[in-house]
K.L.:
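Let me begin by handing over the structure; questions about it come next.
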Amino acid sequence: MKFWLLSLCLLVVSYHSIAQSGVYQFDDSTEVYVQVVSSNPEKGRNKSIYLGAFGPDAMPNIIGFSYFKPKKSYLNIMGGLHGGTVDGNIILTTKHKPVTMKQSVKMAYGGYNRTTKYVVEVPSQKQFSTAVHLGGSYYQYTLYDPFSAIGLIGGMSLIKSRYAHWLIDSEYQEGQGTSINRLNADVVFYVNRQALGAEPTTINIAEDTRQIGWRLYYDGKATLWSRKGHLGFQYMLGIGQGVEKKSMILLAGLGLGYSF
């Protein structure tokens, strides 16, 4: 009985080792050893501070902070000269999907001090989550005479995340990267809409602004592949109807971030 238990344990350990490492052999007989340190999204660089220009309502928001807790929650804060937004997610369901990631590595070949690039497929996994999306905002608008409004956000999000950390030929080459993005579908209730300019004002709050708007947008981050995986991009793109009645809004933005 003990022999069979020991054999089963060895089989599990061997399978785990094979799943987390591999040797790739190419046409010129070059062998590349790849060890996957982790592909668990919980081990990723899930906190970030970023700078850029982002416009869910009034451009520009210039600074932000995000924090993702896989299987639990997501928090995003943005602010600028005209106000800011705090929004977050409560995650309802989560599932994983095994994937492979193509990575380019440089290796010496032919016994000379020359290098060439090879492409290896590194095993990884994606995490998909559905979540409730809630938040609030306060902005001052200046398209007409200045006015302000508070936005109460409610909707749903689909969150996709991925992380991989690998070693090539022990520690000769190392890389890791994190990507987190959301597809958000929201209804926004605009309350406490009020003119800020001196009387008489040309804006009519009841006629020129709306109480209920909507937005559909994609946002997130992707770090650059590097040894530490800290630097990357933050982005946003979508459309909606904001507090001003006369036009659709473009939710867009791009910035640089530091993830940790």
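Keep in mind that the numbers below use all heavy atoms, side chains included, and drop hydrogens, waters and symmetry copies.
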K.L.:
Using every non-hydrogen atom in the two residues, find where Gly136 and Ile153 come nearest and quote the distance to one decimal.
P.N.:
N-CD1, 4.1 Å
K.L.:
Indicate every side-chain donor-acceptor pair of residues 251-260 with a distance under 3.5 Å to a residue at least two apart or in another chain.
P.N.:
{"residue": "Ser259", "atom": "OG", "partner": "Lys221", "partner atom": "NZ", "Å": "3.0"}

K.L.:
What closest approach, in Å, do Ala131 and Asn89 show between heavy atoms, and which atom pair accounts for it?
P.N.:
CB-CB, 3.7 Å
K.L.:
Could you work out, with side-chain hydrogen bond (donor to acceptor under 3.5 Å, both in side chains) as the rule, every residue matching Asp186, not counting sequence neighbours?
P.N.:
His133
K.L.:
Shortest non-hydrogen contact from Gly80 to Asn61?
P.N.:
N-OD1, 3.6 Å
K.L.:
Please check if the side chain of Thr209 supplies one atom and the backbone of Ile205 the other of a donor-acceptor pair under 3.5 Å.
P.N.:
yes
K.L.:
Between the main-chain N or O of Ala206 and the side-chain N or O of Asn204, is there a donor-acceptor pair closer than 3.5 Å?
P.N.:
yes
K.L.:
Apply side chain to side chain contact (heavy atoms under 4.5 Å, CB included) to residues Arg182 and Leu158 and explain how you reach the verdict.
P.N.:
CA-CA 6 Å; Arg182 304 182 297 173; Leu158 174 63; over 6 Å; no
K.L.:
Within the distance-only criterion (no hydrogens, no angle test), does the side chain of Arg193 pair as donor or acceptor with the backbone N or O of Ser148 below 3.5 angstrom?
P.N.:
no
K.L.:
Of all heavy-atom pairs between Leu216 and Ala185, which one has the smallest distance, and what is that distance?
P.N.:
CD1-CB, 3.9 Å
K.L.:
Looking at every non-hydrogen atom in both residues, tell me the closest pair between Asn46 and Pro41 and how far apart they are.
P.N.:
ND2-O, 3.0 Å
K.L.:
Under 3.5 Å, is there a donor-acceptor pair between the Thr223 and Thr178 side chains?
P.N.:
no
K.L.:
When you compare the side chain of Tyr139 with that of Tyr190, does any pair of heavy atoms fall below 4.5 Å?
P.N.:
no
K.L.:
Does the Arg210 side chain pair with the main chain of Gly242, one donor and one acceptor, at a distance under 3.5 Å?
P.N.:
yes
K.L.:
List in chain and number order the residues that pass side-chain hydrogen bond (donor to acceptor under 3.5 Å, both in side chains) with Tyr218, two or more places apart in sequence or in another chain; answer none if no residue qualifies.
P.N.:
Asn181
K.L.:
Can you check side chain to side chain contact (heavy atoms under 4.5 Å, CB included) on Gln234 and Met78, steps first, answer last?
P.N.:
CA-CA 12 Å; Gln234 205 87 15; Met78 294 185 295; over 6 Å; no
K.L.:
Working to the nearest 0.5 angstrom, can you tell me the gap between Phe128 CZ and Arg162 CZ?
P.N.:
9.0 Å
K.L.:
Nearest 0.5 Å, what's the CD1-CD1 distance between Ile77 and Ile63?
P.N.:
10.5 Å
K.L.:
Could you go through the side chain to side chain donor-acceptor pair (under 3.5 Å) check for Ser73 and Tyr67 one step at a time?
P.N.:
CA-CA 8 Å; Ser73 61; Tyr67 179 27; over 6 Å; no
K.L.:
So, the side chain of Gln125 versus the backbone of Val99: is there a donor-acceptor pair under 3.5 Å, distance only?
P.N.:
no
K.L.:
Once you round to the nearest 0.5 Å, how far does OG of Ser179 lie from CZ of Arg45?
P.N.:
14.5 Å
K.L.:
Can you name the closest pair of heavy atoms from Gly151 and Val188 and give their distance?
P.N.:
CA-CG1, 4.0 Å
K.L.:
Using a 3.5 Å distance criterion without hydrogens, assess whether the side chain of Asp219 forms a donor-acceptor pair with backbone atoms of Tyr235.
P.N.:
no
K.L.:
Checking the side chain of Arg215 only, and the main-chain atoms of Ile249 only, is there a donor and an acceptor separated by less than 3.5 Å?
P.N.:
no
K.L.:
Do the side chain of Ser38 and the main chain of Asn40 share a donor and acceptor less than 3.5 angstrom apart?
P.N.:
yes
K.L.:
Between atom CG of Asn184 and atom OG of Ser157, what is the distance when rounded to the nearest 0.5 Å?
P.N.:
3.5 Å
K.L.:
Using the rule that two of Ile, Leu, Val, Met, Phe, Trp, Tyr join whenever any of their side-chain heavy atoms come within less than 4.5 Å, decide whether Tyr217 and Phe68 are in one cluster.
P.N.:
no
K.L.:
Measure the spacing between CD1 of Ile91 and CD of Gln127 and express it to the nearest 0.5 Å.
P.N.:
6.5 Å
K.L.:
Got a salt bridge between Asp208 and Lys245, using NZ or NE/NH1/NH2 to carboxylate O under 4.0 Å?
P.N.:
no
K.L.:
Check the side chains of Asn76 and Ser66 for a donor-acceptor pair under 3.5 angstrom, ignoring hydrogens and angles.
P.N.:
no
